[in-house]
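Starting from 1, each residue takes its place in the sequence as its number. In each ligand, atom 1 is the first atom listed, and ligand 1 is the first ligand listed.
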Amino acid sequence: MESGSIEKLAANLERIRQGIDRALERSGRKGPVKILAVTKGVSPPLIEKARELGISIFGENRVQEAREKVRMGAFGGAELHFIGHLQTNKASLAARLFSCVQSVDSTRVALALSQASVRYGRVCRVMLEVNVARDPAKFGVSPEEALNLARYVLGLPGLVLTGLMTVAPEDPEAARRAFRGLASLRDRLLSEGIPGDALAELSMGMTSDYEIAVEEGSTMIRIGRGLFGERA
Ligand SMILES: *Cc1c(COP(=O)(O)O)cnc(C)c1O
(Lines give C-alpha, C1' and ligand atoms only; values in the text may rest on other atoms or scores of the structure.)
Protein backbone atom coordinates (compact mmCIF):
# COMPACT_ATOMS: atom_id res chain seq x y z
CA MET A 1 0.00 0.00 0.00
CA GLU A 2 2.78 2.41 -0.86
CA SER A 3 0.08 4.71 -2.24
CA GLY A 4 -1.81 3.93 0.96
CA SER A 5 -3.73 6.45 2.92
CA ILE A 6 -3.26 7.26 6.56
CA GLU A 7 -6.81 5.93 7.10
CA LYS A 8 -5.77 2.49 5.84
CA LEU A 9 -2.71 2.51 8.06
CA ALA A 10 -4.80 3.63 11.04
CA ALA A 11 -7.26 0.78 10.42
CA ASN A 12 -4.41 -1.74 10.19
CA LEU A 13 -2.89 -0.46 13.43
CA GLU A 14 -6.25 -0.72 15.17
CA ARG A 15 -6.65 -4.31 13.95
CA ILE A 16 -3.22 -5.25 15.33
CA ARG A 17 -4.01 -3.60 18.67
CA GLN A 18 -7.25 -5.56 18.90
CA GLY A 19 -5.36 -8.76 18.11
CA ILE A 20 -2.93 -8.01 20.93
CA ASP A 21 -5.80 -7.37 23.35
CA ARG A 22 -7.53 -10.62 22.38
CA ALA A 23 -4.34 -12.60 22.86
CA LEU A 24 -3.65 -10.95 26.24
CA GLU A 25 -7.17 -11.76 27.35
CA ARG A 26 -6.95 -15.41 26.21
CA SER A 27 -3.69 -15.91 28.06
CA GLY A 28 -4.53 -13.89 31.17
CA ARG A 29 -1.44 -11.76 30.65
CA LYS A 30 -1.41 -8.04 31.38
CA GLY A 31 1.00 -6.63 28.84
CA PRO A 32 1.98 -4.07 27.75
CA VAL A 33 3.09 -5.32 24.34
CA LYS A 34 5.02 -2.83 22.22
CA ILE A 35 4.54 -2.62 18.48
CA LEU A 36 7.70 -2.27 16.42
CA ALA A 37 6.82 -1.24 12.85
CA VAL A 38 9.06 -3.01 10.34
CA THR A 39 9.73 -0.50 7.55
CA LYS A 40 11.97 -2.46 5.16
CA GLY A 41 10.79 -1.52 1.68
CA VAL A 42 8.50 1.19 3.06
CA SER A 43 8.96 4.75 1.80
CA PRO A 44 9.73 7.71 4.09
CA PRO A 45 6.33 9.44 3.53
CA LEU A 46 4.51 6.32 4.73
CA ILE A 47 6.90 6.03 7.70
CA GLU A 48 6.00 9.61 8.60
CA LYS A 49 2.31 8.69 8.52
CA ALA A 50 3.03 5.85 10.93
CA ARG A 51 4.74 8.33 13.25
CA GLU A 52 1.72 10.62 13.05
CA LEU A 53 -0.37 7.68 14.26
CA GLY A 54 1.83 7.38 17.33
CA ILE A 55 4.12 4.53 16.33
CA SER A 56 7.39 5.22 18.12
CA ILE A 57 9.55 2.15 17.44
CA PHE A 58 10.71 1.20 13.96
CA GLY A 59 12.78 -1.69 12.66
CA GLU A 60 14.98 -2.09 9.59
CA ASN A 61 16.89 -5.16 8.42
CA ARG A 62 19.46 -3.55 6.13
CA VAL A 63 22.01 -1.05 7.34
CA GLN A 64 22.30 0.85 4.04
CA GLU A 65 18.57 1.22 3.57
CA ALA A 66 18.23 2.45 7.14
CA ARG A 67 21.03 4.95 6.61
CA GLU A 68 19.30 6.46 3.58
CA LYS A 69 16.03 6.84 5.47
CA VAL A 70 17.75 8.31 8.53
CA ARG A 71 19.45 10.83 6.24
CA MET A 72 16.04 11.79 4.90
CA GLY A 73 14.76 12.26 8.45
CA ALA A 74 12.11 9.57 8.04
CA PHE A 75 12.18 8.37 11.65
CA GLY A 76 12.35 11.76 13.35
CA GLY A 77 13.13 11.17 17.01
CA ALA A 78 11.60 7.68 17.09
CA GLU A 79 13.53 4.61 18.19
CA LEU A 80 15.14 2.66 15.39
CA HIS A 81 16.01 -1.01 15.91
CA PHE A 82 18.14 -3.24 13.71
CA ILE A 83 16.50 -6.63 13.14
CA GLY A 84 18.53 -8.10 10.27
CA HIS A 85 21.76 -10.07 10.17
CA LEU A 86 24.63 -7.78 11.10
CA GLN A 87 28.01 -8.21 9.47
CA THR A 88 30.99 -7.19 11.56
CA ASN A 89 32.11 -4.65 8.96
CA LYS A 90 28.78 -2.82 9.34
CA ALA A 91 28.85 -2.77 13.14
CA SER A 92 30.41 0.66 13.35
CA LEU A 93 27.68 2.24 11.23
CA ALA A 94 25.01 0.26 13.04
CA ALA A 95 26.21 1.55 16.41
CA ARG A 96 25.63 5.10 15.18
CA LEU A 97 22.28 4.53 13.45
CA PHE A 98 20.34 2.28 15.78
CA SER A 99 19.16 2.69 19.35
CA CYS A 100 18.97 -1.10 19.63
CA VAL A 101 20.44 -4.03 17.71
CA GLN A 102 18.10 -7.00 18.24
CA SER A 103 20.13 -9.50 16.24
CA VAL A 104 23.37 -10.03 18.16
CA ASP A 105 24.26 -13.67 17.64
CA SER A 106 28.03 -13.94 18.11
CA THR A 107 30.83 -12.67 20.34
CA ARG A 108 32.46 -11.16 17.23
CA VAL A 109 29.52 -8.95 16.40
CA ALA A 110 29.01 -8.02 20.06
CA LEU A 111 32.66 -6.99 20.39
CA ALA A 112 32.54 -4.93 17.18
CA LEU A 113 29.41 -3.11 18.36
CA SER A 114 30.94 -2.49 21.77
CA GLN A 115 34.14 -1.05 20.30
CA ALA A 116 32.19 1.22 17.96
CA SER A 117 29.86 2.40 20.73
CA VAL A 118 32.80 3.27 22.96
CA ARG A 119 34.55 5.06 20.08
CA TYR A 120 31.47 7.20 19.40
CA GLY A 121 30.66 7.73 23.07
CA ARG A 122 27.31 6.03 22.62
CA VAL A 123 25.38 3.32 24.36
CA CYS A 124 23.84 0.67 22.15
CA ARG A 125 21.07 -1.50 23.49
CA VAL A 126 21.21 -5.07 22.26
CA MET A 127 19.18 -8.25 22.30
CA LEU A 128 20.42 -11.76 21.61
CA GLU A 129 18.87 -13.43 18.59
CA VAL A 130 18.19 -17.06 19.43
CA ASN A 131 17.53 -19.75 16.84
CA VAL A 132 15.16 -21.62 19.11
CA ALA A 133 13.93 -24.03 16.44
CA ARG A 134 17.51 -24.72 15.26
CA ASP A 135 16.54 -23.92 11.69
CA PRO A 136 19.76 -24.13 9.63
CA ALA A 137 18.36 -21.45 7.30
CA LYS A 138 18.05 -18.93 10.15
CA PHE A 139 20.54 -16.85 12.08
CA GLY A 140 20.84 -16.78 15.85
CA VAL A 141 22.70 -18.53 18.65
CA SER A 142 21.51 -21.90 19.85
CA PRO A 143 19.72 -21.91 23.21
CA GLU A 144 22.80 -23.65 24.72
CA GLU A 145 25.11 -20.83 23.62
CA ALA A 146 22.86 -18.06 24.89
CA LEU A 147 24.09 -18.08 28.51
CA ASN A 148 27.73 -17.63 27.54
CA LEU A 149 26.89 -14.93 25.01
CA ALA A 150 24.75 -13.08 27.59
CA ARG A 151 27.63 -13.14 30.10
CA TYR A 152 30.03 -11.95 27.43
CA VAL A 153 27.78 -9.05 26.38
CA LEU A 154 27.22 -8.02 30.02
CA GLY A 155 31.00 -7.66 30.37
CA LEU A 156 31.38 -5.31 27.39
CA PRO A 157 31.39 -1.50 27.70
CA GLY A 158 29.02 0.55 25.55
CA LEU A 159 26.38 -2.17 25.33
CA VAL A 160 23.24 -2.66 27.41
CA LEU A 161 21.58 -6.05 27.13
CA THR A 162 17.79 -5.71 27.18
CA GLY A 163 16.38 -9.07 26.11
CA LEU A 164 16.02 -11.91 23.63
CA MET A 165 14.70 -12.01 20.07
CA THR A 166 13.62 -14.85 17.79
CA VAL A 167 12.15 -15.46 14.34
CA ALA A 168 9.80 -18.44 14.49
CA PRO A 169 9.11 -21.16 11.90
CA GLU A 170 6.06 -20.67 9.67
CA ASP A 171 3.98 -23.55 10.96
CA PRO A 172 1.78 -22.20 13.81
CA GLU A 173 2.41 -25.10 16.19
CA ALA A 174 6.15 -24.96 15.56
CA ALA A 175 5.98 -21.19 16.06
CA ARG A 176 4.25 -21.66 19.42
CA ARG A 177 6.95 -24.13 20.51
CA ALA A 178 9.63 -21.62 19.51
CA PHE A 179 7.98 -18.75 21.43
CA ARG A 180 7.53 -20.97 24.46
CA GLY A 181 11.15 -22.03 24.10
CA LEU A 182 12.36 -18.42 24.13
CA ALA A 183 10.31 -17.66 27.26
CA SER A 184 11.69 -20.69 29.07
CA LEU A 185 15.23 -19.81 27.97
CA ARG A 186 14.69 -16.37 29.55
CA ASP A 187 13.67 -18.11 32.79
CA ARG A 188 16.71 -20.37 32.65
CA LEU A 189 19.06 -17.42 32.15
CA LEU A 190 17.42 -15.63 35.10
CA SER A 191 18.02 -18.68 37.27
CA GLU A 192 21.68 -18.67 36.16
CA GLY A 193 22.07 -15.14 37.51
CA ILE A 194 21.58 -12.97 34.42
CA PRO A 195 19.85 -9.83 35.79
CA GLY A 196 16.17 -9.24 35.06
CA ASP A 197 16.83 -5.89 33.37
CA ALA A 198 18.94 -7.68 30.78
CA LEU A 199 16.09 -10.05 29.99
CA ALA A 200 13.12 -7.69 30.16
CA GLU A 201 12.23 -7.86 26.46
CA LEU A 202 11.06 -10.87 24.50
CA SER A 203 10.95 -9.63 20.91
CA MET A 204 8.84 -12.23 19.16
CA GLY A 205 5.87 -12.35 16.80
CA MET A 206 5.36 -11.03 13.27
CA THR A 207 2.27 -10.42 11.12
CA SER A 208 1.40 -14.09 10.72
CA ASP A 209 2.03 -15.24 14.27
CA TYR A 210 1.92 -12.28 16.65
CA GLU A 211 -1.19 -13.39 18.54
CA ILE A 212 0.50 -16.72 19.35
CA ALA A 213 3.63 -14.84 20.42
CA VAL A 214 1.64 -12.55 22.72
CA GLU A 215 -0.07 -15.57 24.27
CA GLU A 216 3.39 -17.02 24.97
CA GLY A 217 4.83 -13.89 26.59
CA SER A 218 6.01 -11.50 23.88
CA THR A 219 6.73 -7.96 25.06
CA MET A 220 7.43 -6.59 21.56
CA ILE A 221 5.96 -7.70 18.25
CA ARG A 222 7.58 -6.78 14.92
CA ILE A 223 4.94 -6.02 12.29
CA GLY A 224 5.59 -5.22 8.64
CA ARG A 225 2.92 -6.46 6.20
CA GLY A 226 0.14 -6.25 8.76
CA LEU A 227 0.64 -2.48 8.90
CA PHE A 228 2.00 -1.47 5.52
CA GLY A 229 0.61 -4.19 3.25
CA GLU A 230 2.48 -6.77 1.19
CA ARG A 231 6.03 -5.88 0.23
CA ALA A 232 6.70 -5.30 -3.45
C1 LIG B 1 10.42 -8.59 7.89
C2 LIG B 1 10.62 -8.93 9.32
C3 LIG B 1 9.55 -8.84 10.23
C4 LIG B 1 8.14 -8.44 9.82
O5 LIG B 1 7.54 -9.43 9.04
P6 LIG B 1 6.02 -9.26 8.56
O7 LIG B 1 5.66 -10.65 8.19
O8 LIG B 1 6.04 -8.32 7.41
O9 LIG B 1 5.25 -8.75 9.72
C10 LIG B 1 9.81 -9.14 11.57
N11 LIG B 1 11.04 -9.53 11.98
C12 LIG B 1 12.08 -9.63 11.14
C13 LIG B 1 13.40 -10.07 11.67
C14 LIG B 1 11.90 -9.35 9.78
O15 LIG B 1 12.94 -9.46 8.95
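For ligand 1, one of its N or O atoms has an N or O atom of Lys40 under 3.5 Å away. Between Asn61 and ligand 1, a contact under 3.5 Å exists for no N or O pair. In terms of polar-atom proximity, Gly224 is counted as a contact of ligand 1, with an N or O under 3.5 Å from an N or O of the ligand.
The protein non-hydrogen atom at the shortest distance from atom 6 (P) of ligand 1 is Thr207 OG1, 3.4 Å. Of all protein heavy atoms, the one closest to atom 12 (C) of ligand 1 is Ile83 CD1, 3.6 Å. Here the heavy atom of the protein found nearest to atom 7 (O) of ligand 1 is Arg225 NH2, 2.7 Å. If you check which protein heavy atom lies closest to atom 11 (N) of ligand 1, you get Arg222 NE, 2.9 Å. Taking atom 5 (O) of ligand 1 as the reference point, the nearest protein heavy-atom neighbour is Met206 CE, 3.5 Å.
The aromatic rings of His85 and Phe139 sit parallel, their planes meeting at an angle under 30°, below the 60° perpendicular limit.
Here Arg180 pairs with Glu216 in a salt bridge; the nearest charged N to carboxylate O distance falls below 4.0 Å.
Close approach of ligand 1 to Ile223 is summarised as follows: ligand atoms under 4.0 Å from at least one heavy atom of the residue are 9 (O).
Taking 4.5 Å as the limit, some side-chain heavy atom of Cys100 sits within range of a side-chain heavy atom of Met127.
When all heavy atoms are compared, the tightest approach of Lys138 to Asn131 is O-ND2, 3.3 Å.
Side chain to side chain, Arg222 and Ser203 meet the donor-acceptor criterion of an N or O pair below 3.5 Å.
A donor-acceptor pair under 3.5 Å is formed between the side chain of Ser99 and the backbone N or O of Leu80. Between the side chain of Ser114 and the main chain of Ala110, no donor-acceptor pair closer than 3.5 Å is present.
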